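A short write-up of the structure that comes next.
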Amino acid sequence: QGDGNLRGTERCRREYVCGIVIAILRPGRRPVDCTRAAFARRSRCWRRAPYLVRRLVLAVYRRVRFL
């Protein structure tokens, strides 16, 4: 699901899939294991949250992160 996707679903053909994310690497932080059940639960909650809620959460996160 892309960042600007309001519908929550995207479709593509199987032959267009180049890989599957197994970890997220961020500079100066621990890697995030995308194969864990906890990551799947957080992702599911995030995708189900209304668009405006996600925007507000991201806005607060950005402000707090740079304090």
Side-chain angles (χ1 to χ4, degrees):
Q1 175 177 343
D3 293 339
N5 187 352
L6 299 179
R7 289 184 288 150
T9 59
E10 294 183 34
R11 296 175 187 236
C12 71
R13 294 183 180 173
R14 185 175 289 269
E15 60 264 19
Y16 295 153
V17 177
C18 298
I20 297 173
V21 175
I22 58 170
I24 299 171
L25 306 175
R26 299 179 189 153
R29 297 181 70 186
R30 291 190 336 232
V32 177
D33 183 2
C34 299
T35 62
R36 296 183 57 149
F39 181 81
R41 282 191 302 273
R42 283 194 311 266
S43 297
R44 206 169 21 257
C45 289
W46 183 253
R47 286 191 316 264
R48 290 179 181 169
Y51 176 72
L52 290 176
V53 171
R54 287 187 273 157
R55 281 191 65 174
L56 289 171
V57 170
L58 286 174
V60 169
Y61 172 75
R62 288 183 188 119
R63 290 186 188 270
V64 170
R65 184 177 63 166
F66 292 116
L67 289 181

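All of these numbers come straight from a predicted model, not from anything done at the bench. Note that the numbering runs from 1 along the sequence shown for the chain.
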*In Å, rounded to the nearest 0.5 Å, how long is the span from CZ of R41 to CZ of R36?*
9.0 Å
*I22 and D33: which non-hydrogen atoms are nearest, and at how many Å?*
O-OD1, 3.4 Å
*Indicate if V53 and W46 have the same hydrophobic cluster label, given that clusters are the connected sets of ILVMFWY residues with side-chain heavy-atom separations under 4.5 angstrom.*
yes
*Working to the nearest 0.5 Å, report the span between CZ of R42 and SG of C34.*
9.0 Å
*Does L56 share a hydrophobic cluster with Y61, counting links as ILVMFWY side-chain heavy atoms below 4.5 Å and allowing steps through other members?*
no
